[in-house]
*Asks:* 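Here it is, the structure, as structure tokens.
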Amino acid sequence: MTSSYLRRRTALAGVALLAGQAMLPAAHAQATAWPDRPLHLIVGFPAGSSPDLTARALAEPLAKALGQPVIVENKVGAGGNIGANAVAKARGGDTIGLMINGNLTIAKLLNPALRYDPATDFAPISLIGVAPLVLVAPVNAPGADARAFLDAARAAGNTWSYGSPGVGTVGHLGMELLKARTGIAPVHVPYPGYSQVFSGLVRGELQLSMLPPALAQTQIAAGKLRGIGVTSAGRSPLVPELPSLADAGVKNFNLEIWNAVVAPASMPPAHVAKLAEVLGAIVRTPEMRAQLFQQGWQAVGSAPEGLASRIKADTQTLGAIIRAQNIRVQ
């Protein structure tokens with residue numbers, strides 16, 4: 001093998017190496033250029049609803065951070081499950097969804113015929129906001145504090161009733177969880193919505209219920225309902241004047257409502273990671289924290305792992321109640 005041949009081989013290898021190195025920045029730029037078209041943010045609830053307001057609050061700063069428009073689309077029905085199914089089945093890498101906890105945890109347990117599976121069809125991105133429910137009662141309810149009220153509820157047995165906005169809602173499942181943890185036995189009375197539950201409490205048809213904090217605070221401040229405690233593990237900054245039920249002696253009780261952003265399971269992990277980083281930074285800004293607080297949420301902005309952990313824990317906790325009571329929603 002001649003020396004001239006070896007020199008040519010070496011020169012050609014050097015040219016190939018330089019060419020490959022020159023291509024690396026271009027390949028990297030191509031990989032990080034996503035998204036290269038508008039992003040669709042699906043919400044399974046109507047315009048003006050709490051999930052819709054949160055999605056629209058996030059859309060503008062998310063668009064600025066990504067350099068692409070973020071289009072909020074309302075696909076309404078079935079308690080948010082129609083929108084959730086649209087996200088689960090989306091392809092093309094340009095669709096994400098803002099959902100409530102039920103869509104991402106117990107939906108399939110409540111309705112086995114559901115067209116998507118929360119456990120396999122989504123890639124968690126970020127937990128956006130959390131809030132406790134508030135255990136409320138009529139203003140003339142017995143007991144000087146939460147412990148005494150629950151003692152009175154135990155003594156009343158099934159002569160008391162509680163209201164919820166329907167079978168399988170968090171207000172229903174939360175009360176069933178409280179019954180399991182405390183031994184109280186009020187009878188469930190489902191209503192079409194929270195406004196009817198409130199009216200039932202005021203008229204004395206119901207003795208207790210669990211309401212979202214914004215609705216509960218309004219009625220408590222107006223002197224129309226009495227706040228007993230919140231369902232979070234400790235006091236909540238959203239309802240700072242009320243103790244947690246855990247602080248009142250209810251063991252192993254921690255239940256919050258929440259919303260989160262997820263992607264279809266088919267979305268590339270690099271894109272999921274980019275969205276999680278951007279959304280987390282947005283949610284943790286003082287401006288967004290304040291905006292979410294006004295909407296009734298305590299801001300979180302978690303990593304995907306944090307959302308995945310919350311989904312798993314809530315599915316286990318509420319799934320146990322669903323199975324024990326054989327609760328189904330068609």
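These numbers come from a predicted model, not from an experiment.
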*Asks:* Nearest 0.5 Å please: distance from the CG atom of Leu104 over to the CD1 atom of Ile311.
*Replies:*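 Between atom CG of Leu104 and atom CD1 of Ile311 there are 5.0 Å.
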*Asks:* Determine the minimum heavy-atom distance between Gly171 and Ser164, stating which atoms define it.
*Replies:*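 Gly171 and Ser164 have their closest heavy atoms at C-CB, 3.9 Å.
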*Asks:* Any sub-3.5 Å donor-acceptor pair from Thr182's side-chain atoms to Leu178's backbone N or O?
*Replies:*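 Yes, Thr182 side chain to Leu178 backbone: donor-acceptor pair under 3.5 Å.
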*Asks:* Is the closest side-chain heavy-atom distance between Leu109 and Leu318 below 4.5 Å?
*Replies:*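 In short, these two side chains do not touch, never coming nearer than 4.5 Å.
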*Asks:* For residues Arg328 and Asn326, determine if any side-chain heavy atom of one lies less than 4.5 Å from a side-chain heavy atom of the other.
*Replies:*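 Arg328 reaches Asn326 side chain to side chain.
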*Asks:* Sequence neighbours excluded, which residues qualify as ring-ring contact (aromatic ring centres under 6.0 Å, His included) partners of Phe149?
*Replies:*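 Here the qualifying residues are Trp160.
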*Asks:* Strictly by ring pair (Phe, Tyr, Trp, His ring centres under 6.0 Å), give each pair with a member in residues 92-148 just once, sequence neighbours left out.
*Replies:*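 The answer is Tyr116-Phe122.
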*Asks:* State, to 0.1 Å, how close Ala233 and Ala246 come at their nearest heavy-atom pair, and which atoms those are.
*Replies:*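 Result for this residue pair: O-CB, 3.6 Å.
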*Asks:* Can you find a heavy atom in the side chain of Ile327 that is under 4.5 Å from one in the side chain of Leu173?
*Replies:*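 Side-chain contact under 4.5 Å: yes.
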*Asks:* Got a sec, which residues hit salt bridge (Lys or Arg N to Asp or Glu O under 4.0 Å) with Arg115, two or more places apart in sequence or on another chain?
*Replies:*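 Applying salt bridge (Lys or Arg N to Asp or Glu O under 4.0 Å) to Arg115 gives none.
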*Asks:* Does a side-chain heavy-atom distance below 4.5 Å link Met267 with Ile96?
*Replies:*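 Yes; the side chains approach each other to less than 4.5 Å.
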*Asks:* Minimum heavy-atom separation for Leu292 to Ala299, with atom names?
*Replies:*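 Closest approach of Leu292 to Ala299, heavy atoms only: CD1-CB, 3.8 Å.
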*Asks:* Do Ser50 and Gln295 have side-chain N/O donor and acceptor atoms under 3.5 Å apart?
*Replies:*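 Their side chains do not contain a donor-acceptor pair, so the 3.5 Å distance test is not met.
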*Asks:* How about NZ on Lys224, more than 12 heavy atoms from neighbouring residues, nucleotides or ligands closer than 6.0 Å, or not?
*Replies:*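 Open: at most 12 neighbouring heavy atoms sit under 6.0 Å from NZ of Lys224.
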*Asks:* Output, in order, the C-alpha distance, side-chain angles, deciding distance and verdict of side chain to side chain contact (heavy atoms under 4.5 Å, CB included) for Ile42 and Thr95.
*Replies:* CA-CA 7 Å; Ile42 293 178; Thr95 299; 3.6 Å; yes
*Asks:* Tabulate below the donor-acceptor pairs under 3.5 Å that side-chain atoms of residues 207-217 make, not counting sequence neighbours, or state none.
*Replies:*
residue	atom	partner	partner atom	Å
Gln207	OE1	Ser161	N	2.7
Ser209	OG	Gly163	O	2.7
Gln217	NE2	Leu238	O	2.8

*Asks:* May I ask whether Leu225 and Val134 are part of the same hydrophobic cluster, defined by side-chain heavy atoms of I, L, V, M, F, W, Y residues being less than 4.5 angstrom apart, directly or through others?
*Replies:*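 Yes, same cluster.
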*Asks:* Can you check side chain to side chain contact (heavy atoms under 4.5 Å, CB included) on Leu206 and Val189, steps first, answer last?
*Replies:* CA-CA 8 Å; Leu206 304 171; Val189 181; 4.0 Å; yes
*Asks:* Can you tell me how far apart NE2 (His271) and CG (Asp94) are? Round to the nearest 0.5 Å.
*Replies:*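 Output value for this atom pair is 11.0 Å.
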*Asks:* With sequence neighbours excluded, what pairs up with Glu256 under the side chain to side chain donor-acceptor pair (under 3.5 Å) test?
*Replies:*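 Expected list: Arg310.
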*Asks:* Is there a donor-acceptor pair under 3.5 Å between the side chain of Asp121 and the backbone N or O of Pro118?
*Replies:*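 Not confirmed, Asp121 side chain does not pair with Pro118 backbone.
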*Asks:* Please tell me whether Val262 and Trp297 are part of a single hydrophobic cluster in this structure, the criterion being side-chain heavy atoms less than 4.5 Å apart.
*Replies:*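 Different clusters.
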*Asks:* Look at the side chain of Asn103 and the backbone N and O of Ile82, then say whether any donor-acceptor pair between them is shorter than 3.5 Å.
*Replies:*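 Not confirmed, Asn103 side chain does not pair with Ile82 backbone.
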*Asks:* Working note: Leu39 + Gln68, criterion side chain to side chain contact (heavy atoms under 4.5 Å, CB included); need CA distance, chi angles, decisive distance, verdict.
*Replies:* CA-CA 7 Å; Leu39 199 66; Gln68 289 289 341; 5.7 Å; no
*Asks:* Residues two or more places apart in sequence or in another chain: which of them pass salt bridge (Lys or Arg N to Asp or Glu O under 4.0 Å) with Arg323?
*Replies:*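 Applying salt bridge (Lys or Arg N to Asp or Glu O under 4.0 Å) to Arg323 gives none.
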*Asks:* Taking the side chain as every heavy atom from C-beta outward, state whether Pro51 and Phe45 have any pair of such atoms under 4.5 Å apart.
*Replies:*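 Answer yes - side chains close enough.
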*Asks:* Shortest non-hydrogen contact from Pro46 to Ser49?
*Replies:*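 Residues Pro46 and Ser49, closest heavy atoms: O-OG, 2.6 Å.
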*Asks:* Scan for side-chain hydrogen bond (donor to acceptor under 3.5 Å, both in side chains) pairs involving residues 142-153, sequence neighbours excluded, and state none if there are none.
*Replies:*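 The answer is Asp151-Arg154.
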*Asks:* Rounded to the nearest 0.5 Å, how far apart are CZ of Arg289 and CD of Gln294?
*Replies:*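 Going from the CZ atom of Arg289 to the CD atom of Gln294 covers 14.5 Å.
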*Asks:* Taking side chain to side chain contact (heavy atoms under 4.5 Å, CB included) as the criterion, tell me which of Val300, Leu307, Leu58, Ile282 meets it with Ile128.
*Replies:*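 Only one option passes, and that is Leu58.
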*Asks:* Charged N to carboxylate O under 4.0 angstrom, Lys108 versus Asp117?
*Replies:*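 Asp117 and Lys108: not salt-bridged.
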*Asks:* Do Ile257 and Ile322 sit in the same hydrophobic cluster, where Ile, Leu, Val, Met, Phe, Trp and Tyr count as joined when their side-chain heavy atoms come under 4.5 Å apart?
*Replies:*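 Ile257 clusters together with Ile322.
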*Asks:* With a 4.5 Å cut-off on side-chain heavy atoms, are Leu201 and Val197 touching?
*Replies:*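 SC-SC contact between Val197 and Leu201 confirmed.
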*Asks:* Among pairs that include at least one residue of residues 214-259, which meet ring pair (Phe, Tyr, Trp, His ring centres under 6.0 Å), considering only residues two or more places apart or in two chains?
*Replies:*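 Pairs touching residues 214-259 that pass the test: none.
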*Asks:* Heavy atoms, side chains only, cut-off 4.5 Å: are Leu62 and Val278 in contact?
*Replies:*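 With C-beta onward as the side chain, the pair touches.
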*Asks:* Taking all atoms of both residues into account, what is the closest heavy-atom pair of Ala263 and Val272, and its distance?
*Replies:*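 Ala263 and Val272 have their closest heavy atoms at CB-CG2, 4.5 Å.
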*Asks:* Judged by atom type as modelled, is there a donor-acceptor pair below 3.5 Å linking the side chain of Thr159 to the main-chain atoms of Ala156?
*Replies:*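 Yes, the answer is positive, given that a donor and an acceptor are paired below the 3.5 Å cut-off.
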*Asks:* Side chains of Asp314 and Asn101: donor-acceptor distance under 3.5 Å anywhere?
*Replies:*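 Their side chains do not contain a donor-acceptor pair, so the 3.5 Å distance test is not met.
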*Asks:* So among Thr231, Val170, Leu135, which one has a side chain to side chain contact (heavy atoms under 4.5 Å, CB included) with Met175?
*Replies:*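 It is Leu135; the other options fail the test.
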*Asks:* Quick check on Glu277: does its CD atom have over 12 non-hydrogen neighbours (other residues, nucleotides or ligands) under 6.0 Å away?
*Replies:*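 No, not enclosed.
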*Asks:* Could you tell me the separation between the CG atom of Leu242 and the CG atom of Asp247, rounded to the nearest 0.5 Å?
*Replies:*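 Interatomic distance, Leu242 CG to Asp247 CG, rounded to 0.5 Å: 11.5 Å.
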*Asks:* Distance-only, no hydrogens or angles: does the Asn259 side chain make a donor-acceptor pair with backbone N or O of Met99 under 3.5 Å?
*Replies:*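 Here the side-chain-to-backbone pair does not exist.
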*Asks:* Check for me, please, whether Val167 and Leu133 land in the same ILVMFWY cluster - side-chain distances under 4.5 Å, paths through other members count.
*Replies:*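 Yes, one cluster joins them.
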*Asks:* Are there more than 12 heavy atoms of other residues, nucleotides or ligands under 6.0 Å from atom CD of Glu73?
*Replies:*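 It does: Glu73 CD has more than 12 such atoms within range.
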*Asks:* Which pairs with one or both residues in residues 170-190 pass ring pair (Phe, Tyr, Trp, His ring centres under 6.0 Å), sequence neighbours excluded?
*Replies:*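 As it turns out, the ring pair (Phe, Tyr, Trp, His ring centres under 6.0 Å) pairs with a partner in residues 170-190, which skip direct neighbours, are Tyr162-His188, His172-His188.
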*Asks:* Find the distance between CD1 (Ile125) and CG (Leu98) and round it off to the nearest 0.5 Å.
*Replies:*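 So the CD1 of Ile125 and the CG of Leu98 are separated by 10.0 Å.
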*Asks:* Sort and list the pairs that fulfil ring pair (Phe, Tyr, Trp, His ring centres under 6.0 Å) and have at least one residue in residues 75-111, not counting sequence neighbours.
*Replies:*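 Applying ring pair (Phe, Tyr, Trp, His ring centres under 6.0 Å) to every pair that reaches into residues 75-111, excluding sequence neighbours, yields nothing.
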*Asks:* Please name all residues satisfying salt bridge (Lys or Arg N to Asp or Glu O under 4.0 Å) with Lys312, sequence neighbours left out, ordered by chain then number.
*Replies:*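 Testing Lys312 for salt bridge (Lys or Arg N to Asp or Glu O under 4.0 Å), a comparison that skips the adjacent residues, returns none.
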*Asks:* Minimum heavy-atom separation for Pro264 to Val87, with atom names?
*Replies:*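 Between these two residues, the closest heavy atoms are CG-O, 3.1 Å.
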*Asks:* Check whether any side-chain heavy atom of Asn74 lies under 4.5 Å from a side-chain heavy atom of Asp52, and answer yes or no.
*Replies:*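 Contact flag for Asn74/Asp52 side chains = yes.
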*Asks:* Restricting to salt bridge (Lys or Arg N to Asp or Glu O under 4.0 Å), what partner residues turn up for Arg226, sequence neighbours left out?
*Replies:*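 Listed in chain order: nothing, the list is empty.
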*Asks:* Determine whether Val136 and Val202 fall in the same hydrophobic cluster, where Ile, Leu, Val, Met, Phe, Trp and Tyr are linked whenever their side-chain heavy atoms lie under 4.5 Å apart.
*Replies:*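 Val136 clusters together with Val202.
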